[in-house]
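In what follows, a single structure is set out as structure tokens and then discussed.
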2 protein chains.
Amino acid sequence: MRTLKYSRQRESIKNCLMNRTDHPTADALYLSIREEFPNISLGTVYRNLNLLVELGEIIKFTCGDGSEHFDFTTDQHYHFVCRTCGKIIDLPVSMVRSTSDFFTEEMPGHAETHALFFYGECNHCMESKLES
Amino acid sequence: MRTLKYSRQRESIKNCLMNRTDHPTADALYLSIREEFPNISLGTVYRNLNLLVELGEIIKFTCGDGSEHFDFTTDQHYHFVCRTCGKIIDLPVSMVRSTSDFFTEEMPGHAETHALFFYGECNHCMESKLES
DNA sequence: ATTATAACAGTAACAATTATCGTTATTATA
DNA sequence: TATAATAACGATAATTGTTACTGTTATAAT
């Protein structure tokens with residue numbers, strides 16, 4: 001079995017992700033982390049993000065914009081995607097029901113997890129549209 | 001304004017997608033259509049699929065496997081993704097409780113559309129696991 | 001028939017991600 | 001504490017899915 005070894009880069013990636021409320025892509029994180037580690041490699045960012053996903057410490061998802069997003073919040077929750085500014089907002093856990101609670105009829109299989117995305121315009125974008 | 005012109009390739013792409021219950025990627029469709037048009041270009045498949053999406057005749061979605069899938073069914077419905085065989089099964093909205101029922105709290109914006117995916121194992125895969 | 005142009009096939013370009021490779025840093029063991 | 005084993009590194013090449021470009025062909029309007 002493989003034994004993990006500490007790395008300052010991984011620590012930094014994890015911390016960086018923890019302190020952000022957006023849901024950055026690997027590349028967005030890479031840009032941030034380069035401030036602390038100017039010569040970190042993009043490959044290292046990808047490698048560690050995927051490792052953290054495997055370990056269950058973070059989650060990864062795609063919302064249809066062509067790239068993967070990473071989220072430090074691992075417990076079940078949903079996302080609101082603003083099509084105007086691109087922001088991805090976490091929807092509070094209080095809204096969440098268990099997977100089986102969704103079904104009214106018999107399913108074509110056993111669903112372990114589910115993902116729910118809302119697409120529209122966030123309050124901030126709607127307000128700034130009124131102002132102009 | 002641009003006026004559409006008929007093309008046998010587009011017709012074939014549309015028919016092919018209409019006659020499939022899976023939700024093929026552009027590449028999967030390309031392989032099928034080459035049986036009828038041996039020298040069709042993958043670019044033509046992409047171009048026409050995106051055009052059909054623009055026209056609202058088909059829809060496009062990603063379920064997290066890194067590529068876009070195309071669906072002839074345009075009315076609102078959900079998807080069940082089997083993680084064992086990769087099959088994507090359409091779920092009529094009637095099968096799932098109205099999503100708005102779950103949201104007691106205020107949303108952080110105005111949601112125009114939403115997408116809901118279930119991930120697990122389909123009945124077929126569960127059965128073949130029992131047999132072996 | 002002629003002309004305009006949408007669509008084509010082929011291919012190059014692109015963006016996101018993963019794999020490779022020689023080197024460095026971390027941890028286990030002597 | 002020195003040494004050995006190897007996880008992780010940075011740099012870069014390769015891969016994958018998709019889009020854009022280019023010269024040619026097919027469709028439909030005049």
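Keep in mind that what you see is a predicted model, and the values were worked out from it rather than measured. Convention: sequence-line order gives letters A, B, ...; per-chain numbering from 1.
A/T104 places a side-chain N or O within 3.5 Å of a backbone atom of B/M95 that can act as its donor or acceptor partner. Under the 3.5 Å distance criterion, the side-chain polar atoms of A/H77 are left unmatched by any main-chain donor or acceptor of A/D90. Checking side-chain atoms of A/Y119 against main-chain N and O of B/A115 turns up no donor-acceptor pair under 3.5 Å. Of the possible polar contacts, none joining the A/R20 side chain to the A/F72 backbone as a donor-acceptor pair under 3.5 Å is found.
Taking every heavy atom of residues 9-45 of chain B and every atom of DNA chain D, pairs under 4.0 Å involve B/L42, by number. Applying a 4.0 Å cut-off to non-hydrogen atoms, the residues of residues 46-55 of chain A that approach DNA chain D are A/R47, A/N48, listed by residue number.
Taking atom CG of A/L4 as the reference point, atom C1' of D/dA8 lies 10 Å away to the nearest angstrom. As rounded to whole Å, 16 Å separates atom C1' of C/dT27 from atom CZ of A/R8. To the nearest angstrom, C1' of D/dT16 lies 14 Å from NE2 of B/H69.
Comparing B/E68 and A/Y6 along DNA chain D, the residue whose closest nucleotide (by nearest heavy atom) sits nearer the 5' end is A/Y6.
Listed here is the closest heavy atom pair of B/T62 and B/F117: O-CZ, 3.6 Å.
Side chain of A/K5, nearest nucleotide from C/dA7, C/dT26, D/dT19: C/dT26.
In this model, no donor atom of one side chain and acceptor atom of the other lie less than 3.5 Å apart for A/Q9 and A/T44.
Ring pair A/H79/A/H69: centre-to-centre distance not below 6.0 Å. A centroid separation of 6.0 Å or more is found between the aromatic rings of A/F102 and B/Y78.
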